[in-house]
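See structure below.
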Amino acid sequence: MANQSSSSYPILCASFNQDTSCFAIGTKDGFKIFDSNTGRLCYERAIGAFVIVEMLFSSSLLAIVGAGEEPSLSPRRLCLFNTTTGTALRELNFLTSILAVRMNKKRLVVILQDKTYVYDINSLGILDTIDTIPNFKGLCAFSPSLEGCFLALPASISKGSVLLYNVMDLHLHCEIDAHRAPLAAMALSSNGTYIATASEQGTIIRVHLVSEATKSYSFRRGTYPSTIFSLSFGPSTQLPDILVGTSSSGSVHAFSLGFSIYQRSKRSGSFLGSIIPGSVTDALDPAHHDVLHNAAPAGVKSYAVIRKVDKVADTSTSEIVACRATISIITYNGYFQEYNLSINNQNEFSWSLEREFKLLTVISDDAISS
């Protein structure tokens with residue numbers, strides 16, 4: 001998620017690692033790392049305010065950027081931090097504030113207001129420098145897969161165009177005109193096959209096939225404008241079954257993708273599987289969209305990810321009859337929520353809150369034992 005720091009919230013930044021097994025938050029006092037499955041506080045460091053805390057899978061490596069409230073935590077300095085030793089491995093300094101950082105096992109990407117730097121994560125040698133349009137919010141999307149590793153950046157300040165860059169091969173892949181208004185949020189599927197975007201209007205969510213730069217789906221989130229804070233695909237090697245988004249209304253929106261295609265192809269008598277033809281430009285009806293209201297107070301930033309998706313088969317026919325997703329939500333007023341979302345073959349959505357806790361009051365096991 002793009003850096004969304006605000007002094008009015010106890011949480012300054014939030015991010016999940018690449019496989020969503022852990023998540024990190026930055027606060028005015030330091031940063032904390034949690035286990036997504038249990039909610040256990042795994043690590044914390046109280047050394048000042050941080051606006052970026054990014055993990056590399058479940059390794060001991062963190063990329064952290066301070067809020068600038070003290071000289072040692074400059075927003076222009078990226079620190080690669082080792083949680084095992086509690087020390088800085090390396091620091092990179094820039095002329096302007098760092099707005100976002102993304103990593104996988106081969107690459108480190110640092111996003112400034114008008115430049116993006118691509119590094120080899122092992123040697124920290126610069127591989128490429130990308131000149132960009134002014135990107136004041138550090139808006140970006142990144143797919144960590146080495147086989148389909150793409151970086152998405154805004155390509156225009158006047159309309160919703162997306163620049164897609166191949167991070168492994170170091171070349172521009174394509175540019176997609178996704179919206180008439182400037183972009184507010186975007187997300188890549190984990191394998192880089194699909195990209196979801198929302199504009200500053202926030203009424204339409206669009207999904208494009210990256211390889212062909214073609215529009216696959218359009219979803220209407222609502223009639224009235226709203227700020228989209230985050231978008232997230234469900235994990236999948238093909239078309240993700242579900243896409244979720246959070247908005248300034250305090251709602252979480254779920255859109256049925258691959259699961260709906262499977263159900264529709266079954267009814268039509270032709271099996272399409274999970275592959276979307278490039279020519280498809282399908283505006284799905286409201287039956288493929290559901291809203292969880294009041295997940296967060298209106299106006300409070302929130303960040304949702306789909307951590308797991310399971311398909312449920314009929315025991316007698318082996319046909320897929322339902323889809324169940326685990327959705328984790330971090331709200332910047334300090335809460336973690338986890339919901340189970342079920343979608344049956346009639347496109348009926350059902351939400352159930354599984355757990356909720358305050359992020360700033362969790363005590364680590366080390367603190368308890370001491």
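Side-chain contact between Cys22 and Phe57 is absent, with no heavy atoms from C-beta onward closer than 4.5 Å. In this structure, Ser199 and Ile204 have side chains that are not in contact, with every pair of non-hydrogen atoms separated by 4.5 Å or more. Between Leu153 and Tyr165, every side-chain heavy-atom pair lies at or beyond the 4.5 Å cut-off. Using a 4.5 Å cut-off on side-chain heavy atoms (C-beta onward), Asn135 and Thr116 make no contact. With contacts defined as side-chain heavy-atom distances shorter than 4.5 Å, the pair His179/Gln201 does not qualify. Contact annotation: the side chain of Ile242 approaches that of Cys323 to within less than 4.5 Å [non-hydrogen atoms, C-beta and beyond].
Environment of CZ in Arg355: crowded, with over 12 heavy atoms of neighbouring residues, nucleotides or ligands closer than 6.0 Å. No more than 12 heavy-atom neighbours from other residues, nucleotides or ligands sit within 6.0 angstrom of CD1 on Ile157.
In terms of hydrophobic clustering, with Ile, Leu, Val, Met, Phe, Trp and Tyr side chains grouped at heavy-atom distances under 4.5 Å, Val167 and Ile111 are assigned to a common cluster. The hydrophobic cluster containing Tyr119 also contains Leu89, counting ILVMFWY residues as joined when their side-chain heavy atoms lie under 4.5 angstrom apart, directly or transitively. Transitive grouping of hydrophobic side chains (ILVMFWY, heavy atoms separated by less than 4.5 Å) brings Leu359 and Tyr303 into a common cluster. Trp351 and Val291 are members of different hydrophobic clusters when ILVMFWY side chains are connected at heavy-atom separations under 4.5 Å. Residues Leu92 and Val101 are members of one and the same hydrophobic cluster, defined by side-chain heavy-atom contacts under 4.5 angstrom among Ile, Leu, Val, Met, Phe, Trp and Tyr.
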Original post:
Run the side-chain contact (heavy atoms from CB on, under 4.5 Å) check on Asn347 and Ser256 step by step: do they pass?
Top reply: CA-CA 8 Å; Asn347 265 319; Ser256 180; 4.0 Å; yes
**OP:** Test side-chain contact (heavy atoms from CB on, under 4.5 Å) on Thr331 and Phe229 and set out the steps.
**Re:** CA-CA 11 Å; Thr331 61; Phe229 291 138; over 6 Å; no
**OP:** Could you go through the salt bridge (charged side-chain N to carboxylate O under 4.0 Å, His left out) check for Lys115 and Asp131 one step at a time?
**Re:** CA-CA 5 Å; Lys115 285 185 185 297; Asp131 292 320; 2.6 Å; yes
Subject >> Steps toward ring pair (Phe, Tyr, Trp, His ring centres under 6.0 Å) verdict (Tyr117, Phe94) >> reply: CA-CA 10 Å; Tyr117 295 94; Phe94 299 88; 5.5 Å; yes
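A donor-acceptor pair is defined here as one N or O able to donate and one able to accept, closer than 3.5 Å; such a pair exists between the side chain of Ser143 and the backbone of Phe150. Of the possible polar contacts, none joining the Arg77 side chain to the Gly66 backbone as a donor-acceptor pair under 3.5 Å is found. A side-chain donor-acceptor contact under 3.5 Å links Ser15 to the backbone of Val53. A distance-only check finds a donor-acceptor pair linking the side chain of Thr83 to the backbone of Ser60 [under 3.5 Å]. Side chain of Arg307 to backbone of Thr326: no donor-acceptor contact under 3.5 angstrom is found. Distance alone, capped at 3.5 Å, places no donor-acceptor pair between the Thr246 side chain and the Ala304 backbone. Side-chain atoms of Ser248 come within 3.5 Å of backbone N or O of Thr227 as a donor-acceptor pair. With hydrogens and angles disregarded, no donor-acceptor distance shorter than 3.5 Å links the side chain of Asp169 to the backbone of His171. Judged by distance alone, with hydrogens and angles left aside, the side-chain atoms of Arg221 form a donor-acceptor pair with the main-chain N or O of Gly202 at under 3.5 Å.
The salt bridge (charged side-chain N to carboxylate O under 4.0 Å, His left out) test with Asp241 singles out one residue from Arg324, Lys308, Lys311, and that residue is Lys311. Among Phe16, Phe23, Phe336, the one residue that satisfies the ring pair (Phe, Tyr, Trp, His ring centres under 6.0 Å) test with Phe34 is Phe23.
Here the CD1-CD1 distance, from Ile64 to Ile52, works out to 10.5 Å after rounding to the nearest 0.5 Å. Between Leu231 atom CG and Ser247 atom OG the span is 10.5 Å, to the nearest 0.5 Å. Atom CD1 of residue Ile176 and atom OG of residue Ser161 lie 9.5 Å apart, to the nearest 0.5 angstrom.
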